[in-house]
Each structure stands twice: as structure tokens, then as C-alpha cells.
Amino acid sequence: MSKRSLLSLFLLIIFVFVTMVVDVDLIGQNVFAAENTGDYAVNTIRLSGGDYGYPSPYAHYPRGPGGYKRNLIFDSLLEKSEDGLIPWLARDYQVINGGKDYLFTLRDDVVWHDGEPFTAEDVKFSFEYGLEHPLVWSDLSKDDIESVAIINDNQVLITAVSANCSLLSNIGNQRIIPEHIWKDVDVPKEYNEPAAVVGTGPYILTDYNKEHGTYRFDAFEDFWGPQQNIKTILFVPVSEAILAFEKGEIDLTDVSPDLLGRYESNPAYKIVQQPALWGYRLIINMKDVDVLKDKNVRQALVYAIDQQELIEKIERGAAVAGSAGILPPDHVYYNPDVKNYQYNPDKARELLQESGYTSLSFELKVPTQSVRMAELIKEQFARVGIEITIISADTKTHDSRINKNEYELAITGHGGWGGEPDYLIDRFAGEELTGTPSALGAVGYNNEQLNSLLIQQKEEFNSENRRKLLYQVQTILAEDVPEIPLYYTSGYSVYRPEKYDGWMFMYDHHSLSHSKLSYLERK
Amino acid sequence: MNIFLKFIRYISAFSLMGKISTFIIIFMIIIAVFAPLVSPYPPDKSSGPALSPPGSKHIMGTDDLGYDIWSQIAHGARVSLIIGIGTALLASFGGGIVGIIAGYKGGLLDKTIMRIIDIMIVLPDLPLIIILAAFLGPSLVNIIFVLTIFSWIRPARIVRSQILMLKEMDYINSAKTYGAGVMYLLKKHFLPEIFPIIAVNMIRLSSRAIVSEAGLSFLGLGDPASKSWGRIIHYATNFRGIYYTPFWKWWLLYPWLTLIILVLALAFLSQELEKVYSLRK
């Protein structure tokens, strides 16, 4: 080929390429030009993405960003506001018969995303099907509910096996799924059709890309409830969050305390501190590791950890030290008087000596992003003569190791610390009460007195009495140390109020972008 | 003493760049060997306030846990050099042996080996290294192993072609007719010819291994317990919003500079050796 023809070929390629790009651009502009903001206050909000699974109730990954995307699509009978539960798909509810029966009066103006009307049958179905095939995220189990009865067209009566004061919240939080779609599905975990994301919620999933971790949610025009403030919510991949935020690629981000100065004095930004309801805990395998069955050793571990140093160095100060009674200080039932383990390496060494252990060594399993914390803990443990080997893995592998109890010591971080204190049952009495090994840690731990207190508090409807029982529960936990809460993060979020100012925290949750009400018009 | 003088004489033939590079590499080796002596603090214990800038107490400052950066770099030199030298040695000798066998034996064996080499060349190495490193789990030995798997091909090919060429030489043929065995030929004739090429290659391989290890550590696939340079960079870049704080000026800059300097020095040295070798020929 001559030089000349090479050159013309080259030019041709460039020309084709340029026209392609321009074409795409034009198409993109056309779409936006045709877009009508309508009644929406904001056209598009962009948030940081990442793959958290297909947001059907059976397919999402069991962590916050997955579960709360599901909640944009699927409604529940009750919803969580700043202060507590509010009526949602149920227009009204009554707790009768001492907490055994729950009567929900449903809205009658609700339609599914596919246009089918929402009925009491759907509610009954959701509970029956949803308990037969447990959702990825559900606060209920088959043993909680005795029956679900349709009283009339818009009333459903749910009868519990036994009275339990966290049931209202747990029932109210169960996702309602359409009967006409799911009734023919035998293996819901494998059902990933577009119909699997038909709900009654304010948003419709219009695009999902697993490889890129992107999601697009568009406002559902026939949504029964409050007007959506945002027409489109986009979850986009982000490599450097602060950069993306400052360039306007995302509209909300978490920001480290070191950077607060960039935004503090600028009225274009608003900084919010999150409630400390997302925490790290050091979990202890008391089943397979004999040494850890010794209470003195576990107490020595707590004394050996300098929580303040962890907070200062890992979170740059933006966290609250863990309470040995498990419930965090921001929890409604937090007991401030539990045994206080101030950092005390001497005491730790003393306790170890008392038990006759001079040199201990453990494996500490951590997710990769917590290796720094693990290094610090390793150093702290070394001061009292405990040797640590750090084993790290990506979050998903790490989570599954914990679920299979393949660890000696492990660090796990997650939200939900502000929820109904019944999570204490799952963590510390799971094996005894439900017969299934607790997937959440504290394996091999059993304390009869604690178990009976946990059952009592569950059935205690008087808030003051329940508080007393839960105070006792925390006292026992602080003494026994079945696990060690390290700290609860109280990081900062920053956003541009001019772009959108509707963000809110649910009363028991730490994240602005997770609340459904953050996207809806408030009175 | 004799070797030392020989070495000096060899070096004096280098250009200025080559001399500087040699000096840098020797300097790094000394730091690595004497890491505990040259670093004032342990690399894995906090020795001062977190994120303090370079000063008289910490010449390169400290990281987020209060670990001294200079101590980490000094100890990290060990990891980088062990991986560099380990991989280079294994790959060159492994590759060299494969090349000799293929070249000398010829026939079906040669064909098989060459096809395997062809396949290995086509395989994209970085993605595979990442997958293998993630699969085998993070440890120093695994990293060396994984890097070696993708590094023996070049020396094997070069050695094979050299052997093929040498095999046809008259003096080899006459040696053969006088009854020289394989081992004799190898020792007397082949190795002296091949060794300089392998040496040049080894330096190249080691610099590649050092960069790959830093890359793996940067991605979080290295040994979490080791203090390699890549790992310092990994933690620094994982610190939320580091570019908006002054911290990167020491926490990120120094390990990055050290890495660049070492890799550049290795590159110049291999270039130099090549030149000297071809001149001698």
C-alpha cells in the first residue's frame, strides 16, 4: 500500500470514528431535550454505584446498598421516618389482643408497576410466600407468624405465634411482592426476569449493569404516595469519591474528617454527621477455640484494645467507642452503666496470667479494607503478649467465612445497630432459641439467664419495663464479652443543598441515601 | 579482593549513567540488608503521632497509623529486592534450562516446548497474574511463583536460539568428534556464551518483577503482613481523599520515588551491560 492510500485510510477511520461519537452525542442530547421535568423538583441525582446484585427481594447482596435499592422498588406496610414507624401501604394499623394480632387497613389506590391493582391478596401472599421462601433481608421467620387472614377487601389480620413487641416493626418492614408474578415462581433466588422487580414503590428499575455496577431508577408515575422529588436516580461507578463529588459526577458523598475544612465555610455545601449506628465488632469463636471459652481471656482481649487509638487513627476521630453492652450510645435502649473496659494492658496481662496463659496466638480474619485496623489491633495485642496472624479476603469471601464459622477471631463491620434490640437474640441466643446456628457470630456462646431475659424483653410491651430488662441484658453481655464492639462510625456526609436538600436519616439508620423518604416530597 | 578489583574494572567501562545506576542498586541492597540498623524505628509499630510531616524525628514523616515511612521503605526494600532477585533467578535458570534442552535435543521435545512458549506469549500476563495471585492467596513465595510462571519465556527463547546457533559451530562439532559429552560442552562452551545474555535478561526481569509486585500490592493482592513499597502506596492511595490533604507529599511521594529510582537504575544497568557485552564481542 502506498503512503498516500495509507493516509487516506487513516483519515477515513478517523472520520468514521468522529461521526460515531457525534452521533451518539446527538442522540444523547435528543433524549435530554425531549425530557420533561414535569412535577419533579430535580431531574437527576447521581450517587456512587457498585454492584450489589439485582434488586429483587431474592437476588440482592445482603448489605445496605443492595437492600435499600430493593426498598426503592418494593414497599412495605409501614415505613421508617426520622422518629419512628409511619403508615405506608397500610393506611392504618391496630395492635390488638396484647400484641398477638395486628390489623392492617390497606390503601385502595395502589397499583403495581405493571398496572395490575394491589389487593389484600397480595399482602397475604407476600407473608405466606415470603416466609416459605425467606427473602434475602427479612426480620420475620416462619415461626413468628401463625396466620394471615383477609378480613375484607382492604383489611388484613396477621396473627403472631406469641406476643412480641418488635413484631410490629418486623411485620411492617416485610416487603410486599405481587402475587400475580411470584405465584408461579418455584425457585425465587434464580428468578431474575424484569418482572422480578415489579413492586409498588416510588421507583422503577430501568437499567442495571452488573459489570459496571450501575443502576438507573426512574420515578413511577402512578405511585400512590407522596410525589417523588427526583425523576431519575443514577448509581454510577466512582473511583475517587471526592473528585467525583467536586466535579459534580455524584451529588452526595461521605467525607473524611480531614477534608471537612474544604466544605465547612462554603454555603454551597452542607455537611451532616451520621448517627453512630454502623459499627465494627471483633467476633470470637467460642466453639472451636478452647482458649476463648475462658471468660478471663475474652475480658483480657477487651482490656488490650485501645478503642480510642483505633478511632483516632482509622476513622480520624469520627466514631464513638464501642460499648461492651453491645447496644450503641445512639440506641434508644443504650445502658450507660455497663462495665466499662478502659484500655488497660496491665489488667489484660494480669487476667491472662490468672488463667495461666502466657503466650497466646490467634488468627484474625478481616476484609481487605480493614487490614489497617487489623494491623493496629495486632500491635495492641502484642503489647499484652498475644500474637496475631492477619488473614484478609475480599468482603464477599470474608462474609461467607464468617457465616460458616471459619475463624478464630474476625472483624466484621455492618449497619443496623440502631434497630430493634431483637438482633441481640440472633447474635447471642440464636442457636438456643431458633435451632439454627447463629450466622452472625458469638458461636459457642450460651447463657441461660441471658436467653430468658431476651425472651422476656421481647414480650414486654411496657417500654419502661422493657428498658429495665434490656439494661440487665447489656450488663450480662458486658460481663461475658461474647463479642467486642470496637466502635460505631459517625462519619460525615456532604451534599449540595442547592441541587437537592431533601436528604433525611431514618430513625434507626446511618445513611442518607438509604432512606426512601429522602427521595419523596415531605409535608 | 581480586573479584572486587575485577568488578571495579568492569564498572569503570560503564558510562556515567551506568555507574550511577550501579551505585544506586548497591546502595539499595545495602539498605535492604541493614534495614534494622539504618531505620530508627520498627516498620510495624507506631513510633510517633499519625501523619506527621517529615521532620527531624521522622525524616520521611509517618503514615496514618504513626508508622515511620523511612523505616517502612528500608524494610520494604527487602521485599522488593527479594522478589526481584528471586523471580529473576528462578525464571532465568528455569527458562535457561528449558531453552538448553529444547535447543540441544531438538525434535518433538523442541516443538512441544516452543508451542507452550507460543501459548504463554499470547496469554495476557497481567490479568492472569492478578487472578493467580488472588487465587493462590497472598504470600511472598506465591508472588514469586506467580511472577516466575510468566517470566521464564524470554530467557528460554533467547537461550534456545543461542544454543541452536552454537550447535552448528565448527568448534563444537569438532569437540563432539573428539568425544566431548553434553555436560562438557555445556560447561566449556555453551554456558560461557549464554551467561552474559542471561545476566542482562535477569536484570530486566527483576525490574519487571519489582513493578509487578508493587502493582499487586497496590491492588491489595500482596502479602498483607509484608511491608513492601507497593503496600505503602496501596494504603496511601486508599486513604480517603489523600490528594486533598498534604499527606500525599510524604506518604505517597517517597515510596513512589524510591520505586521509580530503583526501576530506572535497573533499566539503565541492563542497557549498559548489553552495550558492554556487544562491544566485547
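Just so we're clear, the structure is a prediction, and the values are computed from it rather than from any experiment.
- Taking a 6.0 Å sphere around CZ of B/F218, one finds it holds 12 or fewer heavy atoms contributed by other residues, nucleotides or ligands.
- Under a cut-off of 6.0 angstrom, the local environment of CD in A/Q342 is sparse, with at most 12 non-hydrogen atoms contributed by other residues, nucleotides or ligands.
- Summarising the local packing, NZ of A/K499 is surrounded by more than 12 heavy atoms from other residues, nucleotides or ligands at distances under 6.0 Å.
- Rounded to the nearest 0.5 Å, atoms NZ (B/K45) and CD (A/Q380) are 12.0 Å apart.
- In summary, of the residues considered (A/E379, A/M373, A/K313), a side-chain contact (heavy atoms from CB on, under 4.5 Å) with B/L65 occurs for A/K313 alone.
- With a 6.0 Å radius and a threshold of 12 heavy atoms from other residues, nucleotides or ligands, A/Y343 has its OH atom above the threshold.
- Looking at A/E309, the atoms closer than 4.5 Å to chain B (heavy atoms on both sides) all sit in the side chain, from C-beta outward.
- Options A/T368, A/L259, A/V371 differ in how many heavy-atom pairs under 4.5 Å they form with chain B, and the most are formed by A/L259.
- One distance of note links OH of B/Y67 with CZ of A/R372; it measures 6.5 Å at 0.5 Å rounding.
- How far CD1 of B/I242 is from CD1 of A/I242: 12.5 Å, rounded to the nearest 0.5 Å.
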What's the verdict on side-chain contact (heavy atoms from CB on, under 4.5 Å) for B/F247 and A/D258, showing C-alpha distance, side-chain angles and the deciding distance?
-> CA-CA 10 Å; B/F247 310 145; A/D258 290 305; 3.8 Å; yes

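- Atom CZ of B/R157 is surrounded by 12 or fewer heavy atoms from other residues, nucleotides or ligands within 6.0 Å.
- The contact between A/D254 and chain B is made by backbone and side chain atoms together, counting heavy-atom distances below 4.5 Å.
- Shortest non-hydrogen contact noted between A/V255 and B/R240 is N-NH1, 4.0 Å.
- Using a 4.5 Å heavy-atom cutoff, the side chains of A/R316 and B/D64 are not in contact.
- Between the side chain of B/Y244 and the backbone N or O of A/L243 there is at least one donor-acceptor pair closer than 3.5 Å.
- With a 4.5 Å cut-off on non-hydrogen atoms, A/E240 touches chain B through its side chain but not through its backbone.
- Neither the backbone nor the side chain of A/E312 comes within contact range of chain B, judged by heavy atoms closer than 4.5 Å.
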